[in-house]
Amino acid sequence: MSENPPRRFHLQRDNDLTGVSGTGRVADGILWPDGTVTIRWRGERPSTVNWASIDDARTVHGHGGATRIIWDDLAPGAYTLRSRCPHCPDGHTPPDHGQPWHARVGSERDADGQPTVIRVERAAGAHVAESDADWIRDRLNAR
């Protein structure tokens with residue numbers, strides 16, 4: 001059995017081909033360390049189903065790309081600290097634990113007056129590290 005922890009995901013349906021589940025976030029799932037998958041459907045009649053693999057779940061529920069698997073957790077090993085933080089005696093707090101994050105539109109504008117920058121920062125003025133920027137880039141780019 002794999003040593004990886006369970007990994008959360010959800011099913012995002014862009015087009016409801018069957019007219020049953022609707023669109024948007026239609027189910028939540030877990031990829032278990034042994035490679036099996038559990039999916040819990042949302043809605044008026046929630047249900048739970050287990051699959052032997054993520055590929056089996058995608059084949060049945062993907063509807064030819066109309067429903068996508070969106071990973072809520074990074075792949076195992078995707079986040080590692082590149083160096084110790086000199087300001088954190090016990091090591092830098094991982095970006096997905098501890099202080100919450102805030103995002104806001106910056107004051108920078110293009111020639112048409114449209115915003116061009118989104119600022120992401122730790123709450124309460126907590127400091128950040130390069131590893132935090134790596135984590136954010138990975139999340140935004142779905143690595």
Side-chain angles (χ1 to χ4, degrees), residues 1-110 114-143:
M1 182 182 289
S2 168
E3 295 296 319
N4 293 327
R7 188 174 177 204
R8 297 172 304 139
F9 66 90
H10 65 273
L11 298 182
Q12 185 74 26
R13 182 155 291 157
D14 299 317
N15 184 8
D16 185 9
L17 301 177
T18 65
V20 176
S21 300
T23 59
R25 186 173 183 153
V26 294
D28 301 291
I30 300 284
L31 172 63
W32 298 103
D34 65 359
T36 61
V37 170
T38 301
I39 295 175
R40 177 75 178 165
W41 292 93
R42 296 175 167 214
E44 290 181 26
R45 294 180 186 89
S47 63
T48 304
V49 62
N50 294 301
W51 294 98
S53 71
I54 193 76
D55 290 332
D56 289 348
R58 182 182 290 117
T59 298
V60 172
H61 300 297
H63 297 287
T67 302
R68 297 173 286 127
I69 294 173
I70 307 295
W71 293 103
D72 298 325
D73 295 322
L74 292 177
Y79 172 76
T80 56
L81 289 174
R82 294 194 308 194
S83 62
R84 304 269 313 157
C85 177
H87 307 287
C88 300
D90 297 327
H92 190 73
T93 303
D96 56 351
H97 294 89
Q99 294 282 343
W101 291 92
H102 294 288
R104 62 182 171 84
V105 174
S107 60
E108 297 85 348
R109 300 288 190 254
D110 64 14
Q114 298 300 311
T116 59
V117 174
I118 296 175
R119 301 219 184 276
V120 178
E121 54 199 28
R122 276 286 185 50
H127 70 274
V128 296
E130 188 61 35
S131 55
D132 294 321
D134 292 340
W135 180 80
I136 290 169
R137 275 190 294 275
D138 288 346
R139 296 294 290 190
L140 292 174
N141 296 312
R143 292 183 196 160

side-chain hydrogen bond (donor to acceptor under 3.5 Å, both in side chains) between D110 and T116, intermediate numbers included: CA-CA 6 Å; D110 64 14; T116 59; over 6 Å; no

Before you tell me yes or no, could you show the steps for F9 and I70 under side chain to side chain contact (heavy atoms under 4.5 Å, CB included), namely the whole-Å CA-CA distance, both residues' side-chain angles and the distance that decides it to 0.1 Å? CA-CA 5 Å; F9 66 90; I70 307 295; over 6 Å; no

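- Geometrically, R8 does not engage W71 in a cation-pi contact defined by less than 6.0 Å to the ring centre and at most 45° from the axis.
- Residues E108 and P115 have side chains not in contact (no heavy-atom distance under 4.5 Å, counting atoms from C-beta outward).
- Going from atom OG1 of T48 over to atom CG of D28 covers 10.0 Å, rounded to the nearest 0.5 Å.
- Atom CZ of R68 sits about 11.5 Å away from atom CZ of R13, to the nearest 0.5 Å.
- Between R42 and R25, some side-chain heavy-atom pair lies under the 4.5 Å cut-off.
- At least one side-chain heavy atom of D72 sits less than 4.5 Å from a side-chain heavy atom of H10.
- Contact annotation: the side chain of I69 approaches that of L11 to within less than 4.5 Å [non-hydrogen atoms, C-beta and beyond].
- Taken to the nearest 0.5 Å, the CD1 atom of I30 stands 10.5 Å off from the CD1 atom of I54.
- The two residues G35 and L31 come nearest to each other via the heavy atoms O-CD1, 3.6 Å.
- Remark: side-chain polar atoms of T36 are not paired, donor with acceptor, to backbone N or O of W32 under 3.5 angstrom.
- T67 has its side chain out of reach of D14: every pair of non-hydrogen atoms, C-beta onward, lies at least 4.5 Å apart.
- With sequence neighbours left out, the side chain to side chain contact (heavy atoms under 4.5 Å, CB included) criterion links A133 to E130, R137.
- Smallest separation of non-hydrogen atoms from P46 and W41: CB-O, 3.1 Å.
- Here the side chains of P6 and P33 are in contact, with some heavy-atom distance below 4.5 Å.
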